[in-house]
Amino acid sequence: MQETNIYPKGLAELRAMRRQSRHLFGAVFVFSIFVNLLMLAGPLYMLQVYDRVLSSRSVETLTALTLLVLGLFAMMGLLDWARGRVLARVGARFQAGLDQRVFYAMLDTAKHPHFRDKSINGMNDLTTLQMLYASPALLALFDMPWAPIFIAAIFVFHPLLGWLALASGVFLVILTLVNQRNTRENTLGAQQARATTDHFAAQIREEADTVTGLGMRGDVLRRWKSQSDDAMARSINASDATGFYASLSKSFRMFVQSAMLGLGALLTLRGELSGGAMIAGSIMLGRALAPIEMGIGQWPLIQKSRAAWRNLSELLQAAPLEPARVSLPVPEARIEAQNLSAVPPGSRTPCLRGVGFVVEPGQALGVIGQSASGKSSLARLIAGVWPVAAGHLRLGGATLDQYDADVLGQYIGYLPQNVTLFGATIAENIARMAETPDEAKVVAAAKRAGAHELILEQSDGYNTVVTPQGGALSGGQIQRIGLARALYGNPLVLILDEPNSALDAVGSASLNAAIRQMKSENKSVIIMAHRPSGIAACDTLLVLENGIAKMFGPRDDVLKAQVKNTEQIQQSLAEGGRP
Ligand SMILES: Nc1ncnc2c1ncn2[C@@H]1O[C@H](COP(=O)(O)OP(=O)(O)OP(=O)(O)O)[C@@H](O)[C@H]1O
């Protein structure tokens with residue numbers, strides 16, 4: 001497989017994982033030596049049958065030779081089967097060794113426009129490489145070095161036969177290269193177009209309500225169909241081209257085997273070759289060319305694997321390995337930001353600049369500001385979803401990157417602005433998809449979020465299966481279940497991004513009660529709010545404007561200053577001035 005050096009760090013990781021199976025590759029190499037040596041049993045048997053048995057008319061020799069060749073072929077079959085099994089396990093090992101790493105890298109890069117637009121799907125790429133290991137294509141690679149040896153053996157029979165064998169080998173190699181050049185674009189283009197179409201189809205399914213409600217069905221169908229037709233056309237072109245080369249190489253190999261026999265017959269007639277060597281030469285040529293032909297037949301998989309290898313090295317490079325961290329004791333719920341800046345993934349423009357504030361344990365901070373002022377971006381930073389671009393963000397005195405991401409996730413309860421649930425039961429969703437949800441903790445979190453009663457009203461209570469869009473749940477109910485999920489496991493810090501956007505009066509009251517309980521337990525809460533009711537339980541306020549902290553201080557002081565500001569602006573406008 002040709003390797004690209006554009007992503008050296010990602011590539012090094014892939015190679016290191018491949019190297020872990022070095023001894024198994026060694027075993028396959030040794031098995032391949034014996035398999036290929038044993039393949040010579042067929043031609044040698046022919047040679048003996050024609051040149052010895054037929055001339056001596058000895059049935060005993062024929063029987064002995066046949067039993068011998070049966071034993072040799074049985075051994076060859078066994079070794080061939082064994083090397084296939086070993087390679088399949090190498091593939092499984094490669095996949096198992098990288099799946100967690102690739103999965104986390106996919107999560108890290110999910111919001112990066114480059115990876116989203118290219119529809120890079122690391123797990124599929126990993127499966128492609130595993131399939132390559134288990135396919136005959138890789139075995140063919142181990143057999144290829146034997147092609148020159150078989151051809152050299154044919155030279156021993158007769159130089160003319162040798163030249164014919166060599167010329168056909170060279171022709172098939174040229175055919176492979178032409179195949180590679182002519183099918184590459186179509187095969188990769190077809191894969192890319194198919195991935196884009198599938199991505200679009202998934203999006204349509206997710207937005208089914210909007211599509212139907214706004215009468216977009218026809219237009220969306222036309223768009224999807226044009227993408228799908230493009231993918232189909234490219235895929236047909238690619239398979240036509242590959243099929244053409246596969247058929248050409250197959251029929252060429254069969255012809256050249258006959259031609260070899262014909263040339264052998266001519267040389268036999270001239271008395272330059274024995275009948276056995278004539279047949280044996282033809283069989284040997286077939287063996288020499290088989291791996292090359294196999295390579296051409298498996299070309300789409302080889303091409304797909306090359307692209308997968310490249311995509312994976314790019315993905316791993318974009319999401320470097322997290323360093324091992326010293327586990328820290330449970331921190332106190334103090335959040336401190338100094339000169340904090342954020343840059344959205346894939347962007348170069350900061351959306352938060354030089355923001356500073358402190359939230360003491362037992363306090364709630366309200367973050368207010370107009371649309372696009374940076375509230376959600378700040379929430380993502382504190383939740384550890386986005387990395388800190390500059391400045392410091394500390395929890396209990398340690399910067400967030402000193403905590404293991406999964407441990408940090410347990411300390412933090414995050415309610416994003418748009419809550420999406422997983423296609424699972426309500427209990428599993430509240431338990432953050434734990435394999436065995438802790439039922440007591442699930443119910444406790446639901447009660448704190450004021451969601452217990454509404455869950456009991458569902459058809460199957462806590463076991464009701466919901467969909468990512470909520471299924472039978474209303475917007476407000478989804479938000480309350482999202483709050484229960486954030487409160488699961490008693491986090492130290494609760495981050496709520498517009499938590500009451502879909503809540504009614506009862507929902508808002510439960511929310512405020514949950515915030516007060518957090519505060520009474522010496523934990524901290526950060527609320528991104530649009531509505532005044534959202535900051536009722538806040539002690540301090542941070543005002544954001546275009547990504548900059550305009551004000552920070554005790555809630556009432558900030559509100560007063562804000563009102564004063566507004567009055568000044570209104571007065572200035574009334575006097576005909578500019579705000
Ligand atoms: N994933 C992203 N990629 C690029 N830019 C982003 C991304 N997320 C946010 N931004 C930009 O960052 C700025 C702040 O957005 P943010 O969502 O934090 O604002 P907000 O105050 O929460 O707004 P709203 O009240 O409307 O939710 C905006 O200019 C937005 O365009």
Side-chain angles (χ1 to χ4, degrees), residues 104-120 199 203 206-207 210 315 318-319 335 337 339-357 359 364-391 393 400 405 412-420 475-476 478-479 482-483 486 493-503 507-508 511 525-536 538 540-552 555 558-559 562 565-566:
Y104 287 176
M106 269 172 60
L107 282 181
D108 278 359
T109 54
K111 293 281 182 255
H112 196 295
H114 170 70
F115 289 94
R116 195 181 50 222
D117 295 349
K118 277 177 80 183
S119 308
I120 285 191
H199 191 243
Q203 212 181 349
E206 267 171 33
E207 300 301 330
T210 314
L315 182 72
I335 295 274
N339 243 334
L340 191 62
S341 296
V343 178
S347 164
R348 284 163 187 230
T349 329
C351 57
L352 279 179
R353 286 177 302 272
V355 173
F357 61 86
V359 192
L365 164 75
V367 182
I368 56 174
Q370 290 180 338
S371 210
S373 56
K375 302 183 293 296
S376 296
S377 307
L378 181 59
R380 290 187 195 109
L381 277 194
I382 306 170
V385 180
W386 284 2
V388 170
L393 183 57
L400 295 194
I412 286 178
Y414 172 45
L415 177 71
Q417 194 168 9
N418 299 311
V419 180
T420 10
I478 294 173
Q479 206 160 27
L483 179 61
V493 180
L494 189 60
I495 306 161
L496 307 170
D497 194 353
E498 310 269 353
N500 50 2
S501 59
L503 295 185
S508 288
L511 175 70
V525 186
I526 299 172
I527 309 155
M528 317 294 152
H530 248 143
R531 293 206 218 154
S533 62
I535 53 167
C538 292
T540 49
L541 277 187
L542 170 72
V543 184
L544 288 180
E545 202 176 280
N546 288 327
I548 292 171
K550 215 181 143 219
M551 241 183 269
F552 169 66
R555 182 189 64 184
V558 172
L559 283 179
Q562 283 280 93
N565 249 352
T566 317

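Remember, it's 1-based here, ligands and their atoms both numbered in the order they're listed.
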Give a yes or no on whether the backbone of N546 and the side-chain of R353 come within a donor-acceptor separation of less than 3.5 Å. yes

Closest to atom 14 (C) of ligand 1 (judged by heavy-atom distance), picking from P345, A372, G369: A372

If I apply the N/O under 3.5 Å rule, does K375 come out as touching ligand 1? yes

Of all the atoms in ligand 1, which lie at a distance below 4.0 Å from a heavy atom belonging to E498? 25 (O)

May I ask you to list the atoms of ligand 1 that are less than 4.0 angstrom from any heavy atom of Q417? 27 (O)

Examine P344 against ligand 1 and note whether any of their N/O atoms are separated by less than 3.5 Å. no

Counting from 1 in the order shown, the ligand 1 atoms closer than 4.0 Å to a non-hydrogen atom of S376 are 17 (O), 18 (O), 20 (P), 22 (O), 27 (O)

Look only at the side chain of K375 and the backbone of I527, and say whether a donor-acceptor pair between them is shorter than 3.5 Å. no

Using a strict 4.0 Å cut-off to heavy atoms of S377, name the atoms of ligand 1 that fall inside it. 14 (C), 15 (O), 16 (P), 18 (O)

Counting only nitrogen or oxygen atoms and a 3.5 angstrom limit, does S347 reach ligand 1? no

Applying side-chain hydrogen bond (donor to acceptor under 3.5 Å, both in side chains) to D497 and not counting sequence neighbours gives S376

Measuring only between side-chain heavy atoms, which start at C-beta, is I495 closer than 4.5 Å to M528? yes

Heavy-atom side-chain contact between V359 and T540 under 4.5 Å: no

Below 4.5 Å, heavy atoms only, C-beta onward: do L400 and V388 meet side chain to side chain? no

Of the side chain and backbone of Q370, name the one, both, or neither that has a heavy atom under 4.0 Å from an atom of ligand 1. backbone

Which of the atoms of ligand 1 are close to C351, meaning less than 4.0 Å from one of its heavy atoms? 12 (O), 13 (C)

Measure from the side-chain N and O atoms of Q479 to the backbone N and O of V419, and report whether any donor-acceptor pair falls under 3.5 Å. no

